Each structure stands twice: as C-alpha cells, then as structure tokens.
Colleague: 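What follows is a single structure, and I will ask about it in a moment.
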Amino acid sequence: MMRHNEDAAPPDVSCPFCGSSRVVKDSDFGPEISKSQYYCQDCESPFERIKWGESRRPDTRR
Ligand SMILES: [Zn+2]
C-alpha cells in the first residue's frame, strides 16, 4: 500500500461509504472541473466529491 502524505485530503472530506477521513486526493481533474477524485484508504474505494460553492453551476443539460 502506498501512502503519500502530500496528497492528503482536507479534513472536511470523508468517505461516503464508510465515513472514514483517511482519504487521499486522487486527481484534480476529471470529467468535470467541479469535481475532485478521492480515494478511501480504509475501504479502498474511489469516490468523487463535488466542490460545491467554489464553481457553482446549474444543472448540466445535454
Ligand atoms: Zn471508505
């Protein structure tokens, strides 16, 4: 298991599956700029966190 302290997520981010705060930021760029990719070290599940409030946008219509 690799650990990168420099990639530590902010303390307000917790895993939506197990509620653990041991999550690391996986990527800053994804399908949408307003989302960040995180990875939980406890249940080993990747998840996205939408950065509400930073770049708030209405529903994306397609
Ligand atoms: Zn988890």
Side-chain angles (χ1 to χ4, degrees):
M1 181 185 294
M2 294 192 302
R3 294 169 65 181
H4 298 283
N5 286 339
E6 58 186 302
D7 291 333
D12 64 320
V13 180
S14 57
C15 175
F17 304 109
C18 67
S20 171
S21 58
R22 290 181 55 214
V23 294
V24 292
K25 199 173 188 180
D26 197 35
S27 169
D28 223 345
F29 48 90
E32 296 181 42
I33 299 177
S34 58
K35 292 181 182 176
S36 290
Q37 196 81 36
Y38 287 92
Y39 180 80
C40 177
Q41 294 182 315
D42 274 350
C43 64
E44 299 183 338
S45 300
F47 63 93
E48 284 181 344
R49 178 175 179 269
I50 302 174
K51 291 189 273 187
W52 297 109
E54 289 188 16
S55 58
R56 195 172 175 183
R57 306 157 69 185
D59 284 349
T60 308
R61 297 192 295 178
R62 56 178 189 158

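No experiment lies behind these values; they were computed from the predicted model shown. Along the sequence shown, residues carry numbers from 1.
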Colleague: SG/C15 to CD/Q41 distance, rounded to the nearest 0.5 angstrom?
Modeller: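 C15 SG to Q41 CD: 11.0 Å, rounded to 0.5 Å.
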Colleague: List in chain and number order the residues that pass side-chain contact (heavy atoms from CB on, under 4.5 Å) with P16, two or more places apart in sequence or in another chain; answer none if no residue qualifies.
Modeller: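 Residues passing side-chain contact (heavy atoms from CB on, under 4.5 Å) with P16: F47.
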Colleague: Partners of S45 by side chain to side chain donor-acceptor pair (under 3.5 Å), sequence neighbours excluded?
Modeller: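 Side chain to side chain donor-acceptor pair (under 3.5 Å) check on S45 returns nothing, list empty.
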Colleague: Side-chain contact test, heavy atoms from C-beta onward, threshold under 4.5 Å: evaluate it for C40 versus C18 and give yes or no.
Modeller: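 Yes, close enough: below the 4.5 Å cut-off.
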Colleague: Closest heavy-atom contact between F17 and C43?
Modeller: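 Result for this residue pair: CB-SG, 4.2 Å.
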Colleague: At their closest point, which heavy atom of V13 faces which heavy atom of V23, and how far apart are they?
Modeller: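 That closest heavy-atom pairing would be O-CG2, 3.6 Å.
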Colleague: Can you see which heavy atom on E44 is nearest to which on Y39, and at what distance?
Modeller: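 The answer is CB-OH, 3.3 Å.
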